[in-house]
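Only this structure's heavy atoms are used, side chains among them; waters, hydrogens and symmetry mates stay out.
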Amino acid sequence: MSGVPQRTLLLWCPDWPVLAAEIVDGVPATDPVVVLHANRVIACSERARAEGIRRGLRRREAQGRCPHLTVVDHDPGRDVRAFEPVVAAVEEVVAGVEVIRPGACATAARGPSRYLGGEEAAAERIVEHVAQSCAVESQAGIADGVFAAGLAAREGRIVAPGGTREFLAARPVEALGRPALADLLRRLGVRTLGEFAALPAGDVLARFGFDGALAHRLAGGRDDRPLAVRQPPADLTVTADYDEPVDRVDAAAFAARMLAERLHERLAGYGLACTRLGIEAVTAHGQELHRVWRHDGLLTAAAIADRVRWQLDGWLSGSNGRGGTRPARPTAGIVRLRLVPDGVLAQAGLQPGLWGETGEERERAHRALSRVQGILGPEAVVTAVLGGGRSPADQVRLVPWGDERAPARPGPPPLPPVGAAPGAASAPVVVPAGGGAGRRAGRGRAAPEPPWPGRIPPPSPAVVLPTPLPADVRDAAGEPVVVSARLAVSAAPARLTVGDGRPAEITGWAGPWPVDERWWAPAEARRRARFQVSLADGAALLLAVEGGQWLVEAIYD
């Protein structure tokens with residue numbers, strides 16, 4: 001994100017895979033228990049840690065340290081089924097809960113803190129309600145952004161607004177959750193997040209790649225990534241109705257896979273990717289179930305199917321937590337399932353090409369530009385974003401390649417790329433003509449834009465000069481063309497001389513478009529008028545006259 005990350009409240013259940021094994025399979029979490037994935041420990045109980053077992057150990061080494069160790073295989077579905085009652089309990093206290101992963105969920109801290117009497121009171125209320133409803137111990141943390149809130153939750157701490165950077169500075173680089181990167185940073189002498197955040201962003205991108213650049217943002221107290229999450233169109237939602245209620249997990253898994261593929265294809269058709277997924281279900285008795293899943297990257301078809309399957313498994317399994325009395329299983333089977341892409345962003349790799357291909361040329365260009373950024377820094381490759389404004393220079397904002405393409409001022413909607421979905425707006429075109437008129441071609445924009453009095457009509461110039469060039473405009477008699485205070489042109493422009501160049505004949509012109517800016521501040525006031533002119537050699541220029549001096553501001557293609 002470009003601004004300050006949102007205040008986030010994150011609930012964290014320590015050693016959740018171990019607790020899930022106890023809730024679902026009855027494995028006592030008070031014993032030395034480890035959960036293995038790919039023959040390595042990914043979670044262990046408190047008693048196992050007392051025996052010297054840590055995450056990342058191999059199975060044989062862990063059993064060597066604790067011979068009476070209980071080994072449990074990793075099962076993501078089991079973790080989700082056990083965590084569903086916890087999320088439901090949190091949702092009884094606050095709204096808008098997002099599942100980060102099994103064992104951790106987050107919500108915006110502003111709402112709960114306002115109606116529960118402050119951030120500390122909100123955190124205590126949620127932890128207490130989860131303990132009473134599900135018999136699960138948890139910790140809550142509040143900070144600016146999800147990453148910092150996750151670290152704060154491990155200490156049960158509330159980081160003051162604006163203090164996230166200082167809170168992260170002393171943390172070891174292992175807190176990033178990237179073992180390979182952390183090991184490399186330590187060998188390079190970088191041991192804390194503060195030292196890592198102090199490195200130049202361009203050097204980090206060149207040395208460690210995109211994942212390292214993302215970790216660098218996290219270390220500096222910024223949120224996960226610069227996302228342009230927006231509310232998607234309603235037609236992106238996919239729905240499936242079932243004549244026979246779905247009440248078995250295997251049938252639900254099949255339905256989840258089919259619906260996930262439909263959603264992924266629909267998003268790909270619009271060149272979009274999903275980062276936050278809403279799963280909605282309606283039972284035969286009219287009961288409505290809803291859950292939102294968040295993902296740090298882009299959800300693929302397989303990732304969408306997994307989350308839908310896990311969620312349906314959690315709803316249909318009827319897990320009530322440890323000692324819970326609130327039923328979680330629906331009273332009837334599911335008759336309607338909807339997937340809502342609650343957070344989407346443009347994904348160039350999914351945009352179909354002009355003839356239906358996936359855009360290999362765009363991928364090659366993306367890799368090449370990213371490589372240049374890695375060598376010269378993020379600011380070395382910029383793209384133009386059109387926005388509002390009166391002059392061409394005001395309407396263009398240069399942003400680094402890969403950053404959010406948001407205009408600096410409100411203006412017309414952005415133009416779609418080549419191969420965009422049907423119905424996208426196209427830019428109108430104006431060809432300068434003689435006699436102060438213009439010919440307009442092409443379709444109009446799809447939506448009205450904010451008014452900018454004095455703005456020249458489209459098309460926009462192809463080249464905007466960083467420094468306007470002095471010029472001389474004369475009429476047919478050789479006299480200088482002047483514009484009065486009432487915008488009266490002394491004579492029709494006939495010849496143009498740019499700098500020390502040769503005079504060129506003006507064959508057509510349009511204008512003037514007057515601009516009187518910041519008249520209330522004498523030191524900043526500007527008053528000028530603009531003209532569009534076409535020359536005999538086929539060139540078209542944008543001229544401005546200010547204080548009696550003619551200038552060339554831009555060149556048309």
Side-chain angles (χ1 to χ4, degrees), residues 10-83 86 100-105 127 130-131 134-141 147 149-157 168 170-193 195-196 211 215 218-219 296 306 310 319 321-323:
L10 189 141
L11 184 78
W12 173 65
C13 300
D15 308 326
W16 182 253
V18 177
L19 291 178
E22 180 184 40
I23 295 172
V24 177
D25 299 332
V27 179
T30 55
D31 295 344
V33 180
V34 295
V35 179
L36 295 182
H37 178 63
N39 205 37
R40 289 188 179 273
V41 177
I42 63 170
C44 55
S45 63
E46 184 176 356
R47 188 171 174 184
R49 282 192 294 272
E51 298 287 343
I53 298 176
R54 297 293 183 269
R55 293 178 57 184
L57 290 180
R58 293 187 178 273
R59 176 173 184 158
R60 182 173 297 180
E61 185 178 357
Q63 290 178 330
R65 296 185 182 185
C66 182
H68 52 284
L69 187 67
T70 301
V71 177
V72 179
D73 291 333
H74 178 52
D75 185 356
R78 178 187 61 211
D79 297 347
V80 174
R81 290 195 304 271
F83 192 56
V86 176
I100 305 300
R101 60 184 179 277
C105 59
V127 170
V130 169
C134 306
V136 172
E137 294 183 0
S138 60
Q139 298 178 191
F147 173 70
L151 296 181
R154 296 178 180 272
E155 303 176 6
R157 179 174 174 179
L168 296 174
R171 307 285 159 178
V173 290
E174 288 77 10
L176 292 170
R178 293 165 169 82
L181 177 62
D183 180 66
L184 178 57
L185 289 175
R186 283 196 170 275
R187 286 190 279 116
L188 294 175
V190 180
R191 295 177 173 81
T192 64
L193 296 183
E195 295 174 351
F196 185 37
D211 188 66
L218 298 179
D296 288 338
D306 287 341
W310 294 343
S319 175
R322 295 189 297 179

Taking all non-hydrogen atoms of both residues into account, name the closest pair between Thr192 and Ala170 and its distance.
-> CG2-O, 4.2 Å

Closest non-hydrogen atom pair between Ala219 and Leu176, with its separation = N-CD2, 4.4 Å

From CZ (Arg154) to CZ (Arg171), nearest 0.5 Å | 11.0 Å

Criterion side chain to side chain contact (heavy atoms under 4.5 Å, CB included) on Asp73 and Val35, from CA distance to verdict | CA-CA 6 Å; Asp73 291 333; Val35 179; over 6 Å; no

Closest heavy-atom pair and its distance - Gly56, Arg40 | O-NH1, 2.7 Å

Partner of Pro32 under side-chain contact (heavy atoms from CB on, under 4.5 Å), picked from Leu69, Val71, Ile53, is Leu69

Can you tell if the side chain of Asp79 reaches within under 4.5 Å of the side chain of Trp310, non-hydrogen atoms only?
-> no

CG/Leu57 to CD/Gln63 distance, rounded to the nearest 0.5 angstrom?
-> 11.5 Å

Looking only at heavy atoms, which two atoms of Val130 and Val86 are closest? And how far apart?
-> CG1-CG1, 3.9 Å

Salt bridge (charged side-chain N to carboxylate O under 4.0 Å, His left out) partners of Glu51, counting only residues at least two apart = none

Roughly how far, to the nearest 0.5 Å, is CG of Asp183 from CG of Leu188?
-> 9.5 Å

Who pairs with Asp75 by salt bridge (charged side-chain N to carboxylate O under 4.0 Å, His left out), at least two apart in sequence or on another chain?
-> none

Determine the minimum heavy-atom distance between Cys13 and Val136, stating which atoms define it.
-> SG-CG1, 4.0 Å

Gap separating the CD1 atom of Ile23 from the CH2 atom of Trp16, nearest 0.5 angstrom | 4.0 Å

Could you name each residue pair satisfying ring pair (Phe, Tyr, Trp, His ring centres under 6.0 Å) that touches residues 35-73, not counting sequence neighbours?
-> His37-His74

Between Arg101 and Phe83, which heavy-atom pair has the shortest distance, and what is it?
-> O-CE2, 3.9 Å

Side-chain heavy atoms of Leu36 within contact of Val41, under 4.5 Å | yes

Just by modelled atom types, is the Arg49 backbone N or O under 3.5 Å from a matching donor or acceptor in the Arg54 side chain?
-> yes

Arg157: side-chain hydrogen bond (donor to acceptor under 3.5 Å, both in side chains) partners, not counting sequence neighbours | none

With sequence neighbours left out, what residues match Arg65 under salt bridge (charged side-chain N to carboxylate O under 4.0 Å, His left out)?
-> Glu61

Separation between CD of Glu155 and CD of Gln139, rounded to the nearest 0.5 Å | 9.0 Å

For Asn39, does its backbone N or O pair with a side-chain atom of Arg58 as donor and acceptor, under 3.5 Å?
-> no

How long is the span from the CG atom in Leu11 to the CD1 atom in Ile100, to the nearest 0.5 Å?
-> 11.0 Å

Among all residues two or more places apart in sequence or in another chain, which pass the side-chain hydrogen bond (donor to acceptor under 3.5 Å, both in side chains) test with Arg47?
-> none

